[in-house]
Amino acid sequence: MSTRLDWIQEELIGLKDAGLYNTIRTMSSPQGAWLVVDGKRALNFCSNNYLGLANNPRMKKAAQEAIEKYGVGPGAVRTIAGTVELHKELERRIAAFKGVETAITFQSGFCANLATIPALVGKEDIIFSDELNHASIIDGARLSSARIVRFAHADASDLKKQIEANLGSYRRALVITDGVFSMDGDIAPLDEIYDVSNEYDIMLMVDDAHGEGVVGKGGRGIVDHFNLHGKVDVEIGTFSKAFGVVGGIVAGNAAIIEWLTQRGRPFLFSSATPAADVAACLAAIDLLEESTELVDRLWENGRYFKSEMKKLGFDTGVSTTPITPVILGEAALAHQFSRELYQQGVFATALGFPTVPKGKARIRVMLSAAHSREDLDQALQAFAAVGRKLNVIK
Ligand SMILES: *Cc1c(COP(=O)(O)O)cnc(C)c1O
């Protein structure tokens with residue numbers, strides 16, 4: 001009997017013992033305010049479908065028409081035979097929407113980070129990275145071989161200190177921060193981070209995956225929110241969250257975007273996004289340009305839910321976006337809370353260490369424009385009942 005793969009079982013048991021094993025639930029409905037989760041209908045507070053666009057009829061129709069015209073598969077990578085008119089149109093439209101010079105699209109936000117960071121910095125260079133940056137930034141940074149220096153979360157003065165401590169030790173430097181941090185729903189102080197980066201003439205990149213379609217005028221993103229147009233060199237975004245489809249965005253300085261068509265490895269070596277998805281993204285931009293109604297409703301839902309939860313006595317942390325963490329303390333309590341909610345027909349995930357710091361385990365409530373007031377009231381009742389049962393609130 002071979003034993004060379006035994007370590008995997010041991011690792012898996014270790015994860016289960018530590019309560020860190022991911023149990024994967026299965027959906028059998030479209031995304032929306034409600035989901036069928038493992039066969040049970042439940043109110044959905046787990047998706048990044050902020051604007052409720054993932055099952056939007058106009059977007060579905062656009063995707064169907066693109067399938068009729070282009071078929072289902074891209075056939076090639078973007079640089080060989082995989083680019084269709086729709087890709088070019090999407091890049092023009094998203095750049096115009098966000099008010100940047102140019103944009104390039106990738107298969108996902110994860111790919112966009114893996115493409116961009118190694119294209120901008122290498123072995124002789126340095127990356128200053130917020131300590132809570134997303135996994136795809138961390139992986140992109142490691143892939144670049146640049147030296148990685150972390151700065152304290154959302155702290156521009158610590159960034160300055162780290163830059164000062166490393167002056168003269170590198171060829172090029174890149175500052176990277178998430179725009180909206182998805183665990184706490186807080187926003188990076190991008191204006192202050194820009195001032196510091198600019199003072200030292202360092203490249204600045206922001207990953208706005210959770211801000212795209214959410215923050216800024218009508219969802220135009222964090223650069224718009226801080227009115228830093230033309231100042232932030234490169235902005236990463238995703239079509240997979242608020243836009244309700246799939247795909248990554250890199251927007252900003254024209255030279256960087258052109259460089260990525262030559263050196264962005266997922267662009268060169270992984271097949272293009274299918275035309276149907278691209279067409280759906282274009283229809284999403286149409287919707288966002290026509291009206292701010294969905295973005296407004298998302299924020300209104302966030303305000304309502306947060307203020308009602310505070311009235312009930314819950315700790316909703318430091319969020320300034322519709323992401324609403326409900327901080328409970330120990331991971332075991334958060335997991336039990338999540339299970340009890342699910343019994344009551346509310347689907348909301350528990351997050352514990354190492355995703356969030358020890359003692360800060362929480363339920364993360366992802367609000368959406370798709371939720372009606374009745375949906376929110378029903379969820380509030382469930383939170384109140386479970387909170388009292390588990391002695392979290394009085
Ligand atoms: C979700 C997320 C990504 C990945 O985006 P996908 O399009 O889902 O691959 C990248 N960065 C951040 C900050 C994210 O939150």
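Note that the structure is a prediction, hence the values are computed from the model and not measured. One-based numbering, in listed order, for ligands and for the atoms of each.
- Protein residues having at least one heavy atom under 4.0 Å from any atom of ligand 1 are Ser108, Gly109, Phe110, Asn113, His134, Ser136, Asp178, Asp207, Ala209, His210, Thr238, Ser240, Lys241, listed by chain and number.
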Return all side-chain donor-acceptor pairs below 3.5 angstrom for residues 387-394, not counting sequence neighbours, or 'none' if the list is empty.
{"from": "Arg388", "atom 1": "NE", "to": "Lys394", "atom 2": "O", "distance (Å)": "3.2"}
{"from": "Lys389", "atom 1": "NZ", "to": "Glu340", "atom 2": "OE1", "distance (Å)": "2.9"}
{"from": "Lys389", "atom 1": "NZ", "to": "Glu340", "atom 2": "OE2", "distance (Å)": "3.3"}

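- Ring centroids of His153 and Phe181 are separated by less than 6.0 Å, placing the two rings close together.
- Applying the ring-ring contact (aromatic ring centres under 6.0 Å, His included) test to Phe128 and every residue at least two apart in sequence or in another chain returns nothing.
- Checking each of Asp178, Leu132, Ile323, Thr355 against Met183 for a side-chain contact (heavy atoms from CB on, under 4.5 Å) leaves exactly one that passes, namely Thr355.
- For the pair Glu308 and Lys311, the salt-bridge criterion is met [side-chain N within less than 4.0 Å of a carboxylate O].
- For residues 362-373, every residue pair satisfying the salt bridge (Lys or Arg N to Asp or Glu O under 4.0 Å) rule, not counting sequence neighbours, is listed here: Asp184-Arg362, Glu300-Arg373.
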